[in-house]
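Okay, structure first, notes after.
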There are 2 protein chains.
Amino acid sequence: MPYSRGSALENSVGIVGLGKVGKSLAYNFIKRGFRVYASTHKPLSVDSKNKLSGIEIVSTEEIPTHTKIVFLAVEDHKIEEAFYEMKDGLTGGHLVIVLSGAFDIKKLMVEGPCIVRAHPVRAFKEDEFSDIGNTIFVIEGTYGLDLLKEVIECLNCRYIEFKGDFRLYHASLVFVSNFIFSLYKEGEEMLTEAGFTDENTIKEILITLMKNAVENIEKADIFGLTGPVERNDTETVLSHLEAIKNEDTRLLYALLSLKLLDIAKKKYPCNNYREIEAILRGAMWKKE
Amino acid sequence: MPYSRGSALENSVGIVGLGKVGKSLAYNFIKRGFRVYASTHKPLSVDSKNKLSGIEIVSTEEIPTHTKIVFLAVEDHKIEEAFYEMKDGLTGGHLVIVLSGAFDIKKLMVEGPCIVRAHPVRAFKEDEFSDIGNTIFVIEGTYGLDLLKEVIECLNCRYIEFKGDFRLYHASLVFVSNFIFSLYKEGEEMLTEAGFTDENTIKEILITLMKNAVENIEKADIFGLTGPVERNDTETVLSHLEAIKNEDTRLLYALLSLKLLDIAKKKYPCNNYREIEAILRGAMWKKE
């Protein structure tokens, strides 16, 4: 059922780029009765066309003539180009929404119309035509935030207004998403070096434990931590440091363990962690 | 239905320690028709007693008089003590199974009877009375391995015989389980520093992305990697390094990113990563 919340939000949106995010947004807006005008360089697959029935494919330049709300759903390095393609058509009444979490929107804000950021906190899979309701959008902007909030509410999603350091925000997301891959890669290499040969076994071991760990944090917060650092087990930590031959990996082990020590200290404030801390700090120096 | 596979496996097992792992094993053996003799320092809760109906609580010393198969399900630093408590009752026909992944079983192997390791690759939750079928046990030992395999098969579980470096094996598990907590803690601190104030929001953002990341690895292997390093985006990497003020965190960011670079190089072997690599290596030196 179409929404009717005022003049700017005329039940239509524009989307520049129909990649994973663009397609998902298009699907969700169409489902909610919006007209969707989108530009894309790649032709849509038959399946996508069926799922996005009613979508109007236009040029990027044309989008502002059809709708006041425009999402920029292209890769970071293509955002400026996309913006300048439609710039001549933009008026003070338009709202341009950057979906990137890293792109510095101030670069565009100097151009006049309302430029805002709405960074969805979730990964989008290829051809994921499903409801994105309840997704959190971290939003930033000077003008046009009220309209942006309305748009997000139309998707039954939530928003968090954020005025802080977006670089730090984005770096933190790298820690809990990309760097999971770093740990996996380290684990994979160490199991191989330790003597495991079957790829499927290695993957099963690693994935099982990663899932367990995330579930534990979800359930018990950081206090769900177990393992040698948590139980102040210097002997095991020493044996690990001895077994790890690669300098970078040992440094990584020490740094990540020192972080666990922060958790252990909170969990058991009366324990004495001086020895384990000295061992870990010592391991940060290269071996002779 | 009781198993009957020969003389040693007389459909009974002993378990020293009824913590998370001990209780889960007891439950699974009872369910499969075994008599279970267990020793514990803590009295069982009413619920545990109901779930472990039929279990016989005896002293550690007594266990070898009742059964030939004994699991040591106590904490690492209590394994030797538990072993020596029952040592006088052990014969060449007994099999003592250490469940720890880190404890050096050679310490006990000098004592004569069959000492083996069976390290379950999974986290056990408190009072998790459920089937552990299909769990992988990483096993190690000189004598008694055939009997151990029989015992594991009785639980409908699998085993991987491993003769390699157990310290490295265990260290690799620390990377994919404990260190997930390190990343979470870093993420939490950075979001707080960036300006986020609501604890529940922070947790939701971090957990959502962690789950996404593990799912991506499960589905697409390490090639599911996204983010600035994967797309050779030096500008974003530089902005992150600039935003991170803590020395240890910046060093961590650099090391974990270098690991991602290994993945990126495999994914796109023709790309030139010299600039991003120089930036990351440079970030490993302290700021003036």
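Numbers restart at 1 for each chain; the letters A, B, ... are given by sequence-line order, proteins then strands. No hydrogens, no waters, no symmetry mates; every other heavy atom, side chains included, goes into these values.
- Using a 4.5 Å cut-off between heavy atoms, B/L225 contacts chain A through both its backbone and its side chain.
- Contacts of B/F162 with chain A are made by side-chain atoms alone, with heavy-atom separations under 4.5 Å and no backbone atom involved.
- Note: A/I263 CD1 to B/Y184 OH = 10.0 Å, rounded to the nearest 0.5 Å.
- Most heavy-atom pairs under 4.5 Å with chain B: of the set A/L206, A/N216, A/T208, A/D104, this distinction falls to A/L206.
- For A/F196, the parts lying near chain B are the backbone and the side chain together; criterion is any non-hydrogen pair under 4.5 Å.
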Donor-acceptor pairs under 3.5 Å, side chain of residues 166-174 of chain B to any protein atom, not counting sequence neighbours: which ones?
unit_1 : atom_1 : unit_2 : atom_2 : d
B/R167 : NE     : B/D165 : OD1    : 3.4
B/R167 : NH1    : A/E242 : OE1    : 3.2
B/R167 : NH2    : B/D165 : OD2    : 3.3
B/Y169 : OH     : B/H119 : ND1    : 2.7
B/H170 : ND1    : A/H240 : NE2    : 2.9
B/S172 : OG     : B/Y169 : O      : 2.7

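- Only the side chain of B/E189 comes within contact range of chain A, with at least one heavy atom under 4.5 Å from a heavy atom of that chain.
- Highest contact tally toward chain B, considering only A/D198, A/D221, A/V138, is held by A/D221 [criterion: heavy-atom pairs under 4.5 Å].
- With values rounded to the nearest 0.5 angstrom, B/F175 atom CZ is found 5.0 Å from A/I244 atom CD1.
- The number of heavy atoms from other shown groups lying within 6.0 Å of NZ (B/K106) does not exceed 12.
- Crowding of A/K266 atom NZ: a count of heavy atoms from other residues, nucleotides or ligands under 6.0 Å not exceeding 12.
- Rounding to the nearest 0.5 Å gives a distance of 4.5 Å between CG of A/L256 and OG of B/S182.
- Proximity of a side-chain donor or acceptor of A/K259 to a complementary backbone N or O of B/L183 within less than 3.5 Å is not detected.
- By the 6.0 Å contact criterion, CD on B/E199 is open, its count of non-hydrogen atoms from other residues, nucleotides or ligands being 12 or less.
- Within a 6.0 Å sphere centred on CD of A/E128, heavy atoms belonging to other residues, nucleotides or ligands number more than 12.
- With a 4.5 Å cut-off on side-chain heavy atoms, B/E218 and A/E204 do not count as touching.
- The residue among A/L191, A/I207, A/I136, A/N178 with the most heavy atom pairs within less than 4.5 Å of chain B is A/N178.
- Atom NZ of B/K107 sits in a crowded spot, with more than 12 heavy atoms from other residues, nucleotides or ligands closer than 6.0 Å.
- Your options are A/G187, A/G195, A/G101, A/A194, and the one with the most heavy-atom pairs under 4.5 Å with chain B is A/A194.
- Not one N or O on the side chain of A/K185 forms a donor-acceptor pair closer than 3.5 Å with the backbone of B/L260.
- Contacts with chain B were tallied for A/V237, A/T249, A/V176; A/V176 has the most, counting heavy-atom pairs under 4.5 Å.
- In this structure, the portion of A/I160 lying under 4.5 Å from any heavy atom of chain B is its side chain and not its backbone.
- For a residue to count as touching a neighbouring chain, one of its non-hydrogen atoms must lie under 4.5 Å from one of that chain's; by this rule B/Y253 touches chain A with backbone and side chain alike.
- Pairing each heavy atom of A/M284 with each of B/D248, the nearest pair is CE-OD1, 4.0 Å.
- Scanning all heavy atoms of the two residues, the minimum distance from B/A213 to A/S177 falls at CB-O, 3.5 Å.
- At a 4.5 Å heavy-atom cutoff, the contact between A/E235 and chain B is made by side-chain atoms alone.
- Listed options A/T236, A/L252, A/L258 were ranked by heavy-atom pairs under 4.5 angstrom with chain B; first place goes to A/L252.
- A salt bridge is absent between A/E215 and B/K211: the closest approach of a Lys/Arg side-chain nitrogen to an acidic carboxylate oxygen does not fall below 4.0 angstrom.
- In this structure, the portions of B/S239 lying under 4.5 Å from any heavy atom of chain A include both its backbone and its side chain.
- Looking at B/I217, both its backbone and its side chain come within 4.5 Å of chain A, counting heavy atoms on both sides.
- Scanning residues 226-233 of chain A against chain B with a 4.5 Å non-hydrogen threshold yields A/T226, A/G227, A/P228, A/R231, sorted by number.
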